[in-house]
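Here's the structure, in C-alpha cells; my notes come after.
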Amino acid sequence: MAFTARPALIVMDEPTTGLDVSTQEHVLQTVRAMCRNYDCAAVYISHDMAVVAELADRIAVMYSGRIVEIGSTADVLANPRHPYTGRLLLAVPDLEAKRPMVGIPGHAPSPMARPSGCAFAPRCPLADDACMVAPPGATEVGPRHTVCCFKSDQALPTVTPRPTPVRTALTVSEQPVLKITGLKAGYGRNTVLQDIDLSVYAGECVALLGESGSGKTTLSQCIAGLHHEFTGGLYLGGEQLASSSFKRTKEQRRKIQYIFQNPYESLNPRRTVGDLILQPVIAVRGRVKNGREIVATALERASLRPDHAMRYPDQLSGGERQRVAIARALATEPDVLVCDEITSALDVSVQSSLVDLLQQLQSEMGLTLLFITHNIALVRNIAQKVAVLEHGRIVEFGTVEGVFDNPTHEYTRSLIAATPNFQLPARLTTDTVTLQAALATQPKASTL
Ligand SMILES: Nc1ncnc2c1ncn2[C@@H]1O[C@H](COP(=O)(O)OP(=O)(O)OP(=O)(O)O)[C@@H](O)[C@H]1O
Ligand SMILES: [Mg+2]
C-alpha cells in the first residue's frame with residue numbers, strides 16, 4: 001500500500017519486528033526490490049542490528065532523542081565511534097553463541113529528565129566532568145561519518161561480562177515437569193496444533209521456535225490454561241491438567257506462570273507495581289500477612305529497586321515493565337515459566353539484560369523455562385533444547401547444538417538460512433578479549 005502512490009520517500013517503523021525470519025526475509029527482499037525499481041528512498045526504523053547490517057546503506061544511531069552517530073553501514077559497523085554504538089553491538093546475540101551478549105548497565109533517561117550534558121554520560125565508561133556540562137556537537141570522523149561524542153577518538157574499554165551462572169547440580173528426575181502428549185488444539189473448526197508431544201525436565205530451558213502463525217502462542221496458552229479448545233494429555237509433575245485454568249487447582253495454577261509478549265498491554269495501568277505483584281499471590285494463596293516482603297523479594301529477584309513498588313506501569317520503561325511481569329510471575333514461586341516472545345518489543349541491550357536475568361533465575365531457583373521466540377540467535381544463547389514448530393506440528397526437537405549444527409528437517413534448515421548473521425567488527429572483538437576468556441570458562445549445556 002505504501003508503494004502504490006509512487007512516493008519519493010517511505011518511512012518504515014519496525015515493519016518486521018514481531019515477524020519470524022522467513023516472513024522477515026520476504027519483506028526485506030520486497031522492500032529492497034521496490035526501492036530499487038521505483039527509485040525510492042527509505043528510512044527503516046529498527047532495533048535489529050542484523051537486519052540493518054543487511055539492508056541499509058547508511059545508519060543513524062539514536063539515543064535519547066538525538067542522532068549520536070551517522071555514517072555508511074560499513075563504516076559504522078566496522079568502526080563504531082560512539083560508545084553507545086559500540087555497546088549496542090556487543091548486546092546483539094551471536095548466532096553461533098560463541099560470545100556472550102553483554103547488556104548496557106543502567107537505562108536511557110526519560111525525555112522529561114535528560115541530563116544537561118551528554119545523555120549517555122551516566123552509562124558511559126569514558127565519561128568525565130566535561131561530558132556532564134553540555135551535549136557534544138557533531139564531529140566529522142570520516143567521509144560522511146559524524147559522531148556526537150567528546151571521546152570519539154578513544155577506544156571502548158574492555159568489557160568483562162558477568163560469567164553465565166553455573167547451574168547447581170539438578171536432581172535429574174525420570175519424570176518430566178511438564179509433559180504434553182498427542183495434543184491437538186484449534187479455534188472452532190480451524191485446527192492449529194496437531195500431534196504435539198513434548199517433555200520438559202526440571203531446570204531446563206526449552207525454546208519453541210517457529211514462524212508466525214505456526215501455533216506457538218496457542219500451545220503456550222494451552223499449557224497456561226488460557227486456551228481451552230484442545231484434546232490430548234497435558235501433565236504437570238505427573239498430574240493431568242484440566243484445559244481451563246479455572247478448573248485447575250490453585251497449586252497447579254501457582255506452578256505455571258505466563259509472561260506475555262507485550263509489556264505495554266499486559267500490566268493493569270491502574271494498579272501500582274506492588275499491587276500487580278501481589279495479585280497472583282493472593283489469587284493462589286488467599287490473604288497474605290507478609291505482602292511487603294513478598295513484593296520486595298520479587299522485585300529484587302527481577303533486578304528492580306524497592307521503590308519501584310510504588311510506581312504505576314506508565315512510569316516505567318519497556319524493559320522495566322517486562323521485569324515487573326517477570327517479578328509478578330516469580331512472586332508465586334512457579335516451577336514453570338512460559339515466556340511468549342518476551343523480548344521482541346525491546347531493543348537488544350534490554351533484551352540482553354532480560355536474558356541474563358532469566359539465566360540467573362534458572363540457575364538460582366532451578367526454574368524451568370519454555371521460551372517462545374522466532375529469534376534463532378536468542379535461542380542459541382538461552383536455551384538448552386529446542387522444538388521447531390511448522391504449521392502446528394513439531395518437526396524437529398533436540399539439544400540446541402544438535403539441532404542447529406546438524407538440522408535434519410528442511411524447515412529448520414530454511415529458518416537458519418533465512419536468519420541474517422551479524423558479525424561483530426574485528427575492532428570490537430579484539431578489544432574485548434575478556435569476553436572470549438569468560439566464555440571459555442562457561443559450562444556447556446550438555447553438562448546439565
Ligand atoms: N482467537 C483466534 N481465533 C481464530 N484463529 C486464531 C485465533 N488466534 C489465533 N488463531 C490462528 O491460529 C494460528 C496460530 O496462531 P498463534 O497465535 O498460536 O501463532 P504464533 O505461532 O504464536 O504466531 P506469532 O509468531 O505471529 O505470534 C494462526 O493461523 C491464527 O490465525
Ligand atoms: Mg504468538
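Computation of the quantities below employed the complete heavy-atom set of this structure, encompassing side-chain atoms and omitting hydrogens, waters and symmetry-equivalent molecules. One-based numbering, in listed order, for ligands and for the atoms of each.
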Note: heavy atom closest to atom 12 (O) of ligand 1, options V192, I372, L219, belongs to V192
Run down the list S220, C222, S212 and name the one with the heavy atom closest to atom 26 (O) of ligand 1. S212
Indicate yes or no: does [X] engage [Y] in a salt bridge with an N to O separation below 4.0 Å.
{"X": "E333", "Y": "R301", "value": "yes"}
{"X": "E320", "Y": "R323", "value": "no"}
{"X": "R413", "Y": "E396", "value": "no"}
{"X": "D275", "Y": "R270", "value": "no"}

For [atom], what's the nearest protein heavy-atom neighbour? Residue, atom name and distance, please.
{"atom": "atom 25 (O) of ligand 1", "result": "K216 NZ, 2.7 Å"}
{"atom": "atom 28 (C) of ligand 1", "result": "G213 O, 3.8 Å"}
{"atom": "atom 6 (C) of ligand 1", "result": "Y187 CD1, 3.3 Å"}
{"atom": "atom 17 (O) of ligand 1", "result": "T217 CB, 3.6 Å"}

What is the distance from atom SG of C222 to atom NE2 of H227, rounded to the nearest 0.5 Å? 5.0 Å
Within the protein, is there a heavy atom lying under 4.0 Å from atom 31 (O) of ligand 1? no
Student check: side-chain heavy atoms of [X] and [Y] closer than 4.5 Å:
{"X": "L370", "Y": "L219", "answer": "no"}
{"X": "V281", "Y": "V288", "answer": "yes"}
{"X": "L88", "Y": "Y63", "answer": "no"}

Exercise: do Y235 and T181 side chains pair donor with acceptor under 3.5 Å: no
Can a side-chain donor-acceptor contact be found between S266 and Y258 if the only test is distance below 3.5 angstrom? no
Please identify which atoms of ligand 1 are closer than 4.0 Å to at least one heavy atom of [X].
{"X": "T218", "value": "14 (C), 15 (O), 16 (P), 18 (O)"}
{"X": "E211", "value": "21 (O)"}
{"X": "E341", "value": "25 (O), 27 (O)"}

Are any of the N/O atoms in [X] less than 3.5 Å from those in ligand 1?
{"X": "Q261", "value": "no"}
{"X": "S214", "value": "yes"}
{"X": "G210", "value": "no"}

Counting backbone and side-chain atoms alike, does T217 have an N/O/S atom under 2.8 Å from the Mg ion (ligand 2)? yes
Does Q221 have a heavy atom less than 4.0 Å from any atom of ligand 1? no
